[in-house]
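First the structure, in the form of structure tokens, and then the observations on it.
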Amino acid sequence: MAKRTIVKLPGDGIGRIVLEEAIRVLEAAGFEADYVEGDIGWEFWKKEGNPLPQRTIDLIDKHKVALFGAITSKPKDAAAQELAPELQNQGLVYSSPIVGLRQLFNLDICQRPCKTYKGNPLNFIRRDGKGGIEEPEVDVVVFRQNTEGLYGGVEWSNPDQQVYDALMTHPKFNKNFGKVPKGEISVSTRIFTKKGTERILRAAFEHARKFGYESVTLCEKPNVIRETSGMMFAMAKEIQEKDYPNIYLNNTNIDAQMMWMTKNPENYGVIVSGNMFGDIVSDGFAGLIGGLGFACSAQANPDTGVGVFEPTHGSAPKYAEFDTPITNPIAMISSACMMLEHVGEYDKATKVRNAVADVISEGKDRTYDMMKMKGSPDVVKQGAASTYQMTDAVIEKLK
Ligand code: NAI
Ligand code: MG
């Protein structure tokens, strides 16, 4: 069989470091692939005025599967100032290449698993009411609609007159905001489509069925956001009744969910949400299993097979230039496991996950975040595993 080609998108900062470490692990696990590098991120914004060049889009279009490190983003004005002199004052506006990839390839199904590793010193603990401490096991997968909703980018400040006029036709806008000067109004829309909503709901139910979860929890706010969250809830009920009668449909509001999450995280399995609430609830659960060093994600379009796999952390610029890198590679390695599953290499994914679990439960190698140290170049001297040592430990377990 011809070797598969994976597009590697290292991006910026620690993204460049952890991505190479994940590839070392993939190779040690026996995953055979060629890797081609795609240009993405801050360097290309500065040099070319485009953080996501067309040649990178073409590469992903051709090879379908990409591993992504992390990118640096800066606010609009700061971004414009860093452009090469010949690109200044041409009206170039920075926009996030990762959001761009989601839209371009319609990577609408985002999956963020948050699963406790036994022995991780960062695991969430709580009081048991009898003076003792409990460590509930978290095993949650958040399905986040990745292209619509509040992050859909349909927004205005001082909206055009026709937009304003249209808004004024809504009685609540008219009553509550109609006397506010137009120039003092900013509007961000929250658009849900039936198609996008159905796709993320079905992905969540399918996952629950395939992996034996008893329930799917819809985490939105249908009692207040009646149109979008309300539509999602009604559709979830219909899909559950018709096609997944053996899976229980749970309904939580995002605010209450953030409270229940720390009281009884073990009660949740598959969670499904719109774009922003999915972002929030997945970060919340990630905090219970160790935070950014552990939080992985997959974003895919099941119709085309295009998938981009990335840790949820950013480029951590303050740690990117250390001679010996210190950040935790597990989030990136776990994202690579999701990539393995996407291409049907389930055994290798399990092998890598077990190796990570062994390293964590053994407790000999721990990166600075796992030791609750403040990040500095000295942490390795003080006993923390470097990024390389942590990866080596995982590879050792694969042998
Ligand atoms: P960040 O995630 O890069 O780092 C925040 C802090 O979390 C770090 O300073 C470090 O203490 C810790 N951390 C992050 N990754 C870690 C790891 N693997 N192991 C151990 N500790 C880790 O977020 P920050 O500092 O807010 O943003 C830095 C840059 O990254 C910004 O330009 C931001 O726009 C960008 N960003 C990019 C993302 C992406 O590429 N998907 C996501 C989030 C931020
Ligand atoms: Mg986030």
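What's counted below: heavy atoms across the whole structure, side chains too, no hydrogens, waters or symmetry copies. Atoms within each ligand, like the ligands themselves, are counted from 1 in listed order.
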Return the closest protein heavy atom for atom 12 (C) of ligand 1 as residue, atom name and distance. Y368 OH, 4.1 Å
Specify the protein heavy atom at minimum distance from atom 4 (O) of ligand 1: its residue, its atom name, and the distance to 0.1 Å. A316 CB, 4.0 Å
Does W42 reach ligand 1, in the sense of a heavy atom lying below 4.0 Å from it? no
After noting the C-alpha distance and the side-chain angles of N301 and F105, does the key distance pass the side-chain contact (heavy atoms from CB on, under 4.5 Å) rule? CA-CA 7 Å; N301 179 338; F105 290 100; 5.8 Å; no
Out of all atoms in ligand 1, which are within 4.0 Å of some heavy atom of T72? Include the element for each. 32 (O)
Side chain to side chain donor-acceptor pair (under 3.5 Å) partner of E148, chosen from T228, N275, T193: T193
So is E310 in contact with ligand 1, going by heavy-atom distances below 4.0 Å? yes
Closest protein heavy atom to atom 5 (C) of ligand 1, given as residue, atom name and distance to 0.1 Å: L292 CD1, 4.1 Å
Quick check: do R199 and Q145 have side-chain heavy atoms less than 4.5 Å from each other? no
Going by the order shown, which atoms of ligand 1 are within less than 4.0 Å of some heavy atom of A70? 40 (O)
Does a side-chain N-to-carboxylate-O contact under 4.0 Å join E206 and K210? no
Return yes when at least one protein heavy atom is under 4.0 Å from atom 25 (O) of ligand 1, and no when none is. no
Which residue and heavy atom of the protein sit nearest atom 19 (N) of ligand 1, plus the separation: N328 N, 2.9 Å
Close side-chain approach of E48 and E43, heavy atoms under 4.5 Å: no
Tell me, please: is T312 in heavy-atom contact with ligand 1, that is, under 4.0 Å? yes
Does any donor atom in the side chain of S297 or T312 lie under 3.5 Å from an acceptor atom in the other side chain? no
Is the closest side-chain heavy-atom distance between I60 and F68 below 4.5 Å? no
Shortest protein contact, atom 44 (C) of ligand 1 (heavy atom only): G314 CA, 3.5 Å
Is the shortest N/O to N/O distance between S73 and ligand 1 below 3.5 Å? yes
Under 3.5 Å side-chain donor-acceptor pair for D77 and Q81: no
Mind checking whether F294 and Y117 have parallel, tilted or perpendicular rings, split at 30° and 60°? tilted
Nearest option to atom 39 (C) of ligand 1, as decided by whichever heavy atom of M390, K74, H313 sits closest: H313
Does the protein come close to atom 32 (O) of ligand 1 - that is, does one of its heavy atoms sit below 4.0 Å from that atom? yes
Test item, P317 contacting ligand 1 (heavy atom, 4.0 angstrom): yes
Write out the residue and atom name of the closest protein heavy atom to atom 40 (O) of ligand 1, then the distance separating them to 0.1 Å. I71 N, 2.9 Å
Atom 30 (O) of ligand 1: nearest protein contact (heavy atom, Å): S315 N, 3.1 Å
Salt bridge check: are K397 and D358 linked by an N-O gap of less than 4.0 Å? no
Please list the nearest protein heavy atom to atom 9 (O) of ligand 1 with its residue and the distance rounded to 0.1 Å. K318 CE, 3.0 Å
With a 4.0 Å cut-off on N to O distance, would you call E266 and R126 a salt bridge? yes
